[in-house]
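Only heavy atoms go into these numbers, but all of them, side chains included; no hydrogens, no water, no symmetry mates. What you see is a predicted model; the values in this text were computed from it and never measured. Just so it is clear: chains get the letters A, B, ... in the order the sequence lines come, proteins before strands, and each one is counted from 1.
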Amino acid sequence: MSANLSALFYLISGILFILALRGLSSPETSRQGNYFGIAGMGISIIVTFFSVGSFGPGLIYVLIFLTLGGSIGAFIAFKIPMTAMPELVAGFHSLVGLAAVFVAISAFLKPEVFGLGIVGNIKLASLIEMSLGAAIGAITFSGSIIAFLKLRGIMSGSPITFKGQHLLNLSLGILILFLIYYLCVSQSSSTFWTLVAVSFLVGVLLIIPIGGADMPVVISMLNSYSGWAAAGIGFTLENTALIITGALVGSSGAILSYIMCKGMNRSFFNVILGGWGATDQVSSAQTKEKKPVKNGNADDAAFLMKNASSVIIVPGYGMAVAQAQHAVREMVDSLKKNGVKVSYAIHPVAGRMPGHMNVLLAEANVPYDEVFELEEINNDFANCDVAYVIGANDVTNPVAKSDPQSPIYGMPVLDVEKSKSVLFVKRSLSPGYAGIDNDLFYRDNTLMLFADAKKMTEEIVKSL
Amino acid sequence: MEVDPFIFRLSIFILSIFVGYYVVWSVTPSLHTPLMSVTNAISSVIIVGAIIASLSGSSDKVFDTSNIFGFVAIVLAAVNIFGGFLVTQRMLQMYKKKKK
């Protein structure tokens, strides 16, 4: 197949990928969008086989490895529980990163295959592109591994900070730039390997200071990085499909990070430099004073909700941990039978990744037109009888609106306290991720339900 | 004077960033998780490079050092392609409208 013809096919795949993302603008078109994506991928792979032309003895092995990887992927996709989606996505990002590194390595070792020159005399532009691809890919890989371990709970979710951390990261960043420069001058393979090794290290150091609840930003950021790495490799291979995809994924991840940062009213750098919560927890422990709290049980909650005319459910990460989404749906079903109007309010940073709560509710068969974003529903709290807060904390804290001293001041929060009564399901009075006390606990219209989110919801279902 | 092909690729790249920007802002927030998994799947089109690298071996030496990296990259990217698209499909199947 001629180079021009295959380039046109790669362009078609690129366009199909754009349509795949376009489909996600509404749930109805999204499934069709996914098929566009699959078609684009199929075209790219088939065209690549034909453009190589002479099918060497490697072909059979390529097909074997393709099938092997494909079966592993399919197996994971069918087996994974929806609550494990954040760590799955982090794990997948790491694979893209590592694949980018490996492709860059093979391009560096055998540049003639890709038409980039010969060993020891690779075209300057290609060298810059492949080293950028390799460096960003390596950072994506090791960073995603750390994110995966934190989300999976294998590694503690609390930030790991040490003295001189930012200085070290900065100097390693400069070292990477210097190594790329030196690689272009010397073409030495040892420099290339050092570059890859240092980038792996930077990925680890970048993610360890970031705490659990900041993971939505981290996952989106790594998503963005995996895109830029793919684009870097796309330039090296002079492949349009890869360049288009890299740009799409890169900007997609960047936008998601922006939305997540906005949801916490923090700057991107503030999140990346890490260490929120770690310092604040100490101060909140000191200022802890005994304030009266109204304590309720499942019967009280059931009574309140049954007699309400409208109820808003506010889910958070705790719902995911307790796997309470199905119980919540059951509760809502029996409320609806009693003629209660129920809707769901989702804060942009609820959960551990963008859209985490929406997926869990969808899994529990909650229709998506009952689920609302913060801006859409926030005014409704004033007219609502009961707000049922399950597993959320900081995102409901009214302090964000009233106390300029608070670390979360200015963060958009759900106006839960405006509803006639608030039911707050929580295991204890302990502060949330931001390490600050939630004012809501002590309000007159708040009833605390101290229990596991799932158990409490199930008990409420029974008494309804 | 002839324009360097690199400039053409750069143009495609920059235009795609703009396309991505507008397309992604129109994605509904409730589908942000499928967005991440599908972007993950499509970025695995990097498998193209892995296939080229793997097929570069000669008949007497199918597994060269550089090919081995290519083969491993094929496995990694294939996991992502199949895993990414299928898990996205699984999620999207769950989004349903209210039954009237």
S.K.: Check each atom of Ala100(A) against the heavy atoms of chain B and say whether the ones under 4.5 Å are side chain, backbone, both or neither.
M.R.: both
S.K.: Compare all side-chain heavy atoms of Lys96(B) with those of Tyr368(A) and state whether any distance is below 4.5 angstrom.
M.R.: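 Sidechains of Tyr368(A) and Lys96(B): no contact.
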S.K.: Rounded at 0.5 Å granularity, tell me how far CG in Leu242(A) sits from CZ in Arg9(B).
M.R.: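 If I round to the nearest 0.5 Å, the distance is 12.0 Å.
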S.K.: At a heavy-atom separation under 4.5 Å, does Ile259(A) approach chain B through its side chain, its backbone, both, or neither?
M.R.: side chain
S.K.: Side chain from CB out, backbone as N, CA, C, O: work out which of these in Leu88(A) comes under 4.5 Å of a heavy atom of chain B, or both, or neither.
M.R.: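 Side chain only.
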S.K.: Under 4.5 Å between any side-chain heavy atoms of Leu248(A) and Thr39(B), yes or no?
M.R.: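 No, side chains not in contact.
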S.K.: Which answer fits Leu66(A), side chain, backbone, both or neither, if we ask what part of it has an atom under 4.5 Å from a heavy atom of chain B?
M.R.: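 Both backbone and side chain of Leu66(A) come within 4.5 Å of chain B.
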S.K.: Using the side chain to side chain contact (heavy atoms under 4.5 Å, CB included) rule, take Val89(A) and Asn40(B) through it: C-alpha gap first, then chi angles, then the decisive distance, then the call.
M.R.: CA-CA 8 Å; Val89(A) 169; Asn40(B) 211 309; 4.2 Å; yes
S.K.: Tell me, side chain or backbone of Ile47(B) under 4.5 Å from chain A's heavy atoms, or both, or neither?
M.R.: side chain
S.K.: Between Ile38(A), Leu237(A), Leu68(A), which shows the greatest number of heavy-atom pairs under 4.5 Å with chain B?
M.R.: Ile38(A)
S.K.: Under a 4.5 Å heavy-atom cutoff, which of Val249(A), Asn239(A), Leu11(A) has the most pairs with chain B?
M.R.: Val249(A)
S.K.: Highest number of heavy-atom pairs under 4.5 Å with chain A: which of Leu35(B), Val23(B), Leu86(B), Ile42(B)?
M.R.: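 Counting heavy-atom pairs under 4.5 Å, the top option is Ile42(B).
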S.K.: Taking the side chain as everything from C-beta on, heavy atoms only, tell me whether Tyr61(A) gets closer than 4.5 Å to Ile74(B).
M.R.: no
S.K.: Select, from Ile51(B), Asn80(B), Ile14(B), the one with the greatest count of heavy-atom pairs under 4.5 Å involving chain A.
M.R.: Asn80(B)
S.K.: Search all heavy atoms of Ser43(B) against all heavy atoms of Ser226(A) and return the closest pair with its distance.
M.R.: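 Residues Ser43(B) and Ser226(A), closest heavy atoms: OG-OG, 4.3 Å.
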S.K.: Can you say whether Phe36(A) sits under 4.5 Å from chain B via the side chain, the backbone, both, or neither, judging by heavy atoms?
M.R.: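 Neither part, no heavy atoms under 4.5 Å.
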S.K.: As an exercise, state the distance from CG of Leu76(B) to CZ of Phe102(A), rounded to the nearest 0.5 Å.
M.R.: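 Here the rounded value is 6.5 Å.
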S.K.: Quick one: CD1 on Ile52(B) to CZ on Phe114(A), what's the gap to the nearest 0.5 Å?
M.R.: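 Between Ile52(B) CD1 and Phe114(A) CZ, I get 5.5 Å after rounding to 0.5 Å.
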S.K.: Quick check for you: to the nearest 0.5 Å, what is the distance between Ser51(A) atom OG and Leu55(B) atom CG?
M.R.: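 Going from the OG atom of Ser51(A) to the CG atom of Leu55(B) covers 9.0 Å.
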S.K.: Quick one: closest heavy-atom pair of Met41(A) and Ala41(B), and the distance?
M.R.: CE-O, 3.2 Å
S.K.: So what's closer than 4.5 Å to chain B heavy atoms on Thr48(A): side chain, backbone, both or neither?
M.R.: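 Thr48(A) touches chain B through side-chain heavy atoms alone.
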S.K.: Looking at Thr67(A), Val113(A), Val62(A), which makes the most heavy-atom pairs under 4.5 Å with chain B?
M.R.: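 Highest number of heavy-atom pairs under 4.5 Å: Val62(A).
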S.K.: Go through it in stages, so that I can follow the logic: the residues are Leu24(A) and His32(B), the test is side chain to side chain contact (heavy atoms under 4.5 Å, CB included), and I'd like the CA-CA distance, side-chain angles, deciding distance and then a yes or no.
M.R.: CA-CA 9 Å; Leu24(A) 290 170; His32(B) 276 163; over 6 Å; no
S.K.: Take Tyr35(A) and Gln89(B) through the side chain to side chain contact (heavy atoms under 4.5 Å, CB included) test and state the conclusion after the steps.
M.R.: CA-CA 9 Å; Tyr35(A) 292 125; Gln89(B) 194 68 17; 3.0 Å; yes
S.K.: Of all the heavy-atom pairs spanning Met36(B) and Ser220(A), show the shortest one and how long it is.
M.R.: CE-CA, 3.6 Å
S.K.: Does any N or O in the side chain of Thr33(B) come within less than 3.5 Å of the main-chain N or O of Gly355(A), such that one atom is a donor and the other an acceptor?
M.R.: yes
S.K.: Is Asn358(A) close to Leu31(B) at the side-chain level, that is, under 4.5 Å between some pair of heavy atoms?
M.R.: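 With C-beta onward as the side chain, the pair stays apart.
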S.K.: Considering non-hydrogen atoms only, spot the tightest contact between Gly84(B) and Phe92(A) and give its length.
M.R.: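 In this case the closest contact between Gly84(B) and Phe92(A) is N-CE1, 3.7 Å.
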S.K.: Quick one: what part of Ile81(B) sits under 4.5 Å from any heavy atom of chain A, side chain, backbone, both or neither?
M.R.: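 Contact with chain A involves the side chain of Ile81(B) alone.
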S.K.: For Glu363(A) and Met91(B), what are the C-alpha separation, side-chain angles and deciding distance, and is it a side chain to side chain contact (heavy atoms under 4.5 Å, CB included)?
M.R.: CA-CA 8 Å; Glu363(A) 190 203 9; Met91(B) 275 191 270; over 6 Å; no
S.K.: Is the distance between the ring centroids of Phe82(B) and Phe75(A) less than 6.0 Å?
M.R.: no
S.K.: Count the heavy-atom pairs under 4.5 Å between each of Ile80(A), Thr240(A), Leu361(A), Ile64(A) and chain B, then report the option with the highest count.
M.R.: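 Answer, by heavy-atom pair count under 4.5 Å with chain B: Ile80(A).
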S.K.: Would you call the rings of Phe13(B) and Phe235(A) parallel, tilted or perpendicular, where under 30° means parallel and over 60° means perpendicular?
M.R.: perpendicular
S.K.: With heavy-atom distances below 4.5 Å as the criterion, would you say the side chains of Asn67(B) and Lys110(A) are in contact?
M.R.: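 Contact flag for Asn67(B)/Lys110(A) side chains = yes.
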S.K.: From Phe6(B) CZ over to Glu238(A) CD, what is the distance, rounded to the nearest 0.5 angstrom?
M.R.: 10.5 Å
S.K.: If you count heavy-atom pairs within less than 4.5 Å of chain B, which of Glu129(A), His356(A), Glu373(A) leads?
M.R.: Glu373(A)
S.K.: Can you tell which part of Leu256(A) gets under 4.5 Å to a heavy atom of chain B, answering side chain, backbone, both or neither?
M.R.: side chain
S.K.: Find the distance between CG (Leu109(A)) and CD1 (Ile68(B)) and round it off to the nearest 0.5 Å.
M.R.: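 If I round to the nearest 0.5 Å, the distance is 10.5 Å.
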S.K.: Between Asn34(A) and Val38(B), is there a donor-acceptor pair closer than 3.5 Å when you use the side chain of the first and the backbone of the second?
M.R.: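 Absent.
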S.K.: Quick one: of Gly250(A), Ser26(A), Ala241(A), who has the most non-hydrogen atom pairs under 4.5 Å with chain B?
M.R.: Ser26(A)
S.K.: Among all residues two or more places apart in sequence or in another chain, which pass the side chain to side chain contact (heavy atoms under 4.5 Å, CB included) test with Ser16(B)?
M.R.: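 With sequence neighbours excluded, Ser16(B) shows a side chain to side chain contact (heavy atoms under 4.5 Å, CB included) to Ile244(A), Ala247(A), Ile12(B), given in chain and number order.
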S.K.: For the residue pair Ser25(A) and Val27(B), establish whether any side-chain heavy-atom pair is separated by less than 4.5 Å.
M.R.: no
S.K.: Taking side chain as everything from C-beta outward and backbone as N, CA, C, O, which of these in Leu10(B) sits under 4.5 Å from a heavy atom of chain A? Side chain, backbone, both or neither.
M.R.: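 Both backbone and side chain.
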S.K.: When you check the side-chain N and O atoms of Arg22(A) and Ser26(B), is any donor under 3.5 Å from an acceptor?
M.R.: yes
S.K.: What are the two closest non-hydrogen atoms of Ser252(A) and Val24(B), and how far apart are they?
M.R.: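 Where Ser252(A) meets Val24(B) most closely, the heavy atoms are CB-CG2, 3.5 Å.
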S.K.: Within a strict 4.5 Å, meaning less than it, do heavy atoms of the Leu92(B) and Pro27(A) side chains meet?
M.R.: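 The answer is no; the side chains never approach within 4.5 Å.
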S.K.: Minimum heavy-atom separation for Ile46(B) and Ala99(A), please, with both atom names.
M.R.: CG2-CB, 4.0 Å
S.K.: Taking side chain as everything from C-beta outward and backbone as N, CA, C, O, which of these in Val45(B) sits under 4.5 Å from a heavy atom of chain A? Side chain, backbone, both or neither.
M.R.: both
S.K.: Is there a side-chain contact between Pro34(B) and Val359(A), using heavy atoms and a 4.5 Å cut-off?
M.R.: yes
